[in-house]
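Here's the structure, in structure tokens; my notes come after.
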Amino acid sequence: MTTLPSDSSSPPVGDSHHARRLAQSFGDDPQRYDRTRPRYPAAMAARVIAAAPGHDVLDVGIGTGISAQPFAAAGCRVLGVEVDPRMAEFAAEEGFAVEVAKFENWDPAGRDFDAVISGQSWHWVDPVRGATKAAQILRPGGRLAVFWNAFAPPAELAQAFGDVYQRLLPGSPFARGPFGGPTMYAGQFNAVGDGMRRAGAFEAPEQWEFPWTRRFTRDEWLEQVPTFGGHSQFPPDTLDQLLTGLGSAVDDAGGSFVMKYTTVVITASTTGRNRPAT
């Protein structure tokens, strides 16, 4: 268990919560997204559930339901909030109750929850407004738990991937190669923790980590790449060249590789004091 450092100077999460067009680009192909995106460890969901007072869960940015699955499998009652109606429709077809709204503007209609979770989505939410909204709908001792899958390929392959992005998309954030695992996202994690602190209704936020691995074949990896943020908005020719270059890098590495994942959870429980005013 790691208690996040307090850093009130941390910026909002890259201001990505303002990038609504990018946030909704994932719904361009929800079938591919659901088919290729990595899942979350059952142990992570179990720890969140054990630290919450009950089993009523709100999933912010439920997407296709990937983040909700381990909680539902553990017996939780999950309600999703999703800004993209295409993703919401997919999750509903998977059996989840979903309401279409931007979380900051969503009307809970008097409902409250034992846990508010968000998988791979909280950076699209204003970190202070989101944490404040979560505190308003959490029961005493309720828990806010937001999580991401940070990934790191083998070092030589990470360098090769970065070289491809640098050649095709010089100067873009992708050219820096977000392939370094949790350390690459430290600023983001600290900003999320600061949002929880600034909401004024949570105990000190903590960072939990759950490492795991998955082997990818060349084709499996290339099928997932177009689901990464912003990739669906690249010109088709650029995306084709990118996939060709990444595929060649995997071929040079033997045709498959083991990806190291770390599911990182930023989490805090409510203080038990009065909820923030709505």
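Rounded to the nearest 0.5 angstrom, Phe151 CZ and Thr263 OG1 are separated by 12.5 Å. Atom CG in Leu157 sits 7.5 Å away from atom CE in Met259 (nearest 0.5 Å). To the nearest 0.5 angstrom, Phe202 atom CZ is 14.0 Å from Arg198 atom CZ. Taking CD of Gln159 as the reference point, atom CD of Gln166 lies at 10.0 Å (rounded to 0.5 Å). Going from atom CD1 of Ile66 over to atom OH of Tyr33 covers 5.5 Å, rounded to the nearest 0.5 Å. Rounded to the nearest 0.5 angstrom, Phe113 CZ and Leu79 CG are separated by 5.0 Å.
Between Arg129 and Asp126 no salt bridge is recorded (no basic side-chain N to carboxylate O distance below 4.0 Å). Salt-bridge check for Asp56 with Arg111: failed, with every basic side-chain N at 4.0 Å or more from each acidic carboxylate O. Of the charged side-chain nitrogens involved, at least one lies within less than 4.0 Å of a carboxylate oxygen, so that Arg39 and Asp34 count as a salt-bridged pair.
Residues Phe257 and Val250 have side chains in contact (heavy-atom distance under 4.5 Å, counting atoms from C-beta outward). The shortest side-chain heavy-atom distance between Leu138 and Arg143 does not fall under the 4.5 Å cut-off. When side chains are defined from C-beta on, Trp212 counts as touching Asn149, because their heavy atoms get closer than 4.5 Å. Looking only at side-chain heavy atoms (C-beta outward), Gln224 and Pro38 come within less than 4.5 Å of each other. The closest side-chain heavy-atom distance from Pro182 to Glu209 is below 4.5 Å. Within the 4.5 Å cutoff, side-chain heavy atoms of Val192 are placed close to those of Val146. At a threshold of 4.5 Å between non-hydrogen side-chain atoms, the residues Val264 and Trp208 do not count as touching.
A distance-only check finds no donor-acceptor pair linking the side chain of Asp112 to the backbone of Ile137 [under 3.5 Å]. In this structure, the side chain of Thr36 engages the main chain of Arg32 through a donor-acceptor pair within 3.5 Å. Proximity of a side-chain donor or acceptor of Glu82 to a complementary backbone N or O of Gly63 within less than 3.5 Å is detected. Under a 3.5 Å cut-off, the side chain of Arg37 and the backbone N or O of Thr227 do form a donor-acceptor pair. A donor-acceptor contact shorter than 3.5 Å is absent between the side chain of Gln188 and the backbone of His123. For the pair Ser248 (side chain) and Leu246 (backbone), a donor-acceptor distance under 3.5 Å is absent. Of the possible donor and acceptor atoms, none in the side chain of Thr271 sits under 3.5 Å from a partner among the backbone N and O of Glu203. Under a 3.5 Å cut-off, the side chain of Thr64 and the backbone N or O of Pro30 do not form any donor-acceptor pair. Looking at Ser118, its side chain does come within 3.5 Å of a backbone N or O of Val60 through a donor-acceptor pair.
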| Candidate pair Leu144 and Met196, rule side chain to side chain contact (heavy atoms under 4.5 Å, CB included), full reasoning | CA-CA 9 Å; Leu144 174 58; Met196 294 177 182; 3.8 Å; yes
| field | side chain to side chain contact (heavy atoms under 4.5 Å, CB included) between Phe210 and Arg47, intermediate numbers included | value | CA-CA 10 Å; Phe210 300 83; Arg47 185 169 180 185; 3.8 Å; yes
| message | With side chain to side chain contact (heavy atoms under 4.5 Å, CB included) as the criterion, how do Val48 and Phe71 come out once you've worked through the C-alpha distance, each side chain's angles and the decisive distance to 0.1 Å? | response | CA-CA 9 Å; Val48 173; Phe71 291 88; 3.9 Å; yes
| task | May I have the step-by-step check of side chain to side chain contact (heavy atoms under 4.5 Å, CB included) for Ile266 and Phe147, ending in yes or no? | result | CA-CA 6 Å; Ile266 309 301; Phe147 44 91; over 6 Å; no
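Cluster annotation: Val100 is not connected to Met87 through the hydrophobic network of ILVMFWY side chains, with a link wherever side-chain heavy atoms come within less than 4.5 Å. Connection of Phe90 to Val81 is not established within any shared hydrophobic cluster, with ILVMFWY side chains joined at heavy-atom distances below 4.5 Å, either directly or through further cluster members. Under a hydrophobic clustering in which Ile, Leu, Val, Met, Phe, Trp and Tyr are joined whenever their side-chain heavy atoms come within less than 4.5 Å, directly or via other members, Phe161 and Phe228 fall into the same cluster. Residue Trp148 is grouped with residue Val125 when hydrophobic side chains (ILVMFWY) are merged at heavy-atom distances under 4.5 angstrom, including chains of intermediate members. Put simply, Val57 and Met44 are part of the same group of oily side chains (I, L, V, M, F, W, Y) that touch within less than 4.5 Å, one to the next.
Surrounding CD of Glu220 are more than 12 heavy atoms belonging to other residues, nucleotides or ligands, all under 6.0 Å away.
The minimum heavy-atom distance linking Ala145 with Val265 is given by the pair CB-CG1, 4.0 Å. Shown here for His55 and Ile49, the closest heavy-atom pair between the two residues is NE2-CG2, 3.6 Å. When every heavy atom of Ala150 is checked against every heavy atom of Gly181, the shortest pair comes out as CB-C, 3.7 Å. The shortest non-hydrogen separation linking Pro226 to His231 is O-CB, 3.8 Å. In plain terms, the two heavy atoms of Ala268 and Pro205 that are nearest each other are CB-CA, 3.8 Å. The shortest heavy-atom contact between Pro70 and Ala45 is CB-CB, 3.7 Å.
Cation-pi geometry between Lys133 and Phe103 is satisfied (NZ or CZ under 6.0 Å from the ring centre, within 45° of the ring normal).
Under 3.5 Å, the side chains of Arg218 and Ser256 contain no donor-acceptor pair of N or O atoms. Side-chain N/O atoms of Trp221 and Glu223 include no donor and acceptor closer than 3.5 Å.
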